[in-house]
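Here is the structure we will look at.
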Amino acid sequence: LDGDERQSPMNIRSVKPGDEIDLFGNLFARVFRVSHCIGAVGYVIGSRLAPALKEEYRGLGNAEIRELVKKGVSLKTEAGEVLQVGYTGDTSREGLFVENTTNEDESEAKSALFVQQAFESRLLFCEATFLDDSQKARDLSVKRRHLHIEDIVRVLEERQYAGYDHQLVLMHISGRYSAKGALDHIASVLPRNVASQCLVAISSHLDQVLRRDEAWTHLVQENGCLLLSDYISVCDSQKQL
């Protein structure tokens with residue numbers, strides 16, 4: 001709204017799959033195609049790394065550095081990049097599965113590369129609309145072009161997702177699931193190496209009873225997410241009582 005002090009200055013621009021956009025500083029955004037009932041894209045956010053003095057030479061004085069330069073010693077690292085965040089947005093499984101065909105269109109080839117980079121990012125936000133193993137949930141995931149949790153497991157395997165070295169955030173969970181029901185479904189199918197670094201955006205699924213339960217309020221973080229491994233540990237300890 002005009003005059004609203006809460007507004008943030010921004011530039012809005014259209015994008016298409018295969019685009020790479022410079023953000024501020026050394027950050028960039030890359031755009032990839034996903035598959036939804038309307039046109040949709042996902043994103044990779046990364047940062048570029050400038051060449052820097054190699055670790056083994058950082059304690060040397062200027063005179064020593066000059067001598068090494070004269071001898072032709074390579075003192076600096078190569079320029080590189082860090083893939084920080086991947087974001088799938090709304091998508092069906094077809095938008096994320098590995099494609100076996102070679103795409104000759106440059107933009108589509110870049111888009112396919114960027115999908116893989118999303119799964120190599122340090123932090124991946126992935127939708128997880130449908131969770132239960134009923135035929136209805138599976139059919140709805142196809143009809144409405146959203147992900148089922150078993151699709152996610154398959155995609156993570158195909159994309160060789162690192163698990164222990166990266167963090168996964170599951171979001172966009174259908175309102176048909178209670179908090180406990182959603183977490184039980186996810187915990188039952190995710191590989192443990194992925195579950196150990198998986199956050200679930202769950203706060204909107206907490207009913208009034210759970211919001212007053214200290215066991216739950218302790219598990220749910222300020223950002224509304226819950227670390228799945230914490231939930232599994234609590235459930236395992238309760239089974240032993």
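Just so it is clear, the model here is predicted, and its values are computed rather than measured.
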Is there side-chain contact between [X] and [Y], with heavy atoms separated by less than 4.5 Å?
X      : Y      : result
His172 : His146 : yes
Lys180 : His185 : no
Ile45  : Phe28  : no
Val44  : Val115 : no
Cys126 : Leu147 : yes
Glu158 : Leu96  : no

Sole candidate of Gln117, Gln116, Arg122 that passes side-chain hydrogen bond (donor to acceptor under 3.5 Å, both in side chains) when paired with Glu120
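Among Gln117, Gln116, Arg122, the one meeting side-chain hydrogen bond (donor to acceptor under 3.5 Å, both in side chains) with Glu120 is Gln116.
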In terms of relative ring orientation, are Tyr161 and His166 parallel, tilted or perpendicular, with 30° and 60° separating the classes?
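Taking His166 first and then Tyr161, their aromatic rings sit tilted (interplane angle of 30° to 60°).
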Are Leu27 and Leu123 connected in the hydrophobic side-chain network, where two residues link if heavy atoms are under 4.5 Å apart?
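Result: yes, single cluster for both.
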Are a donor atom and an acceptor atom from the side chains of Thr91 and Arg145 found within less than 3.5 Å of each other?
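No.
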Within 45 degrees of the ring normal and closer than 6.0 Å to the centroid, is that where the cationic atom of Arg154 sits relative to Phe97?
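Flagged: Arg154 positioned over aromatic ring of Phe97.
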Is the backbone N or O of Ser107 less than 3.5 Å from a side-chain atom of Ser111, with the two atoms forming a donor-acceptor pair by type?
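No.
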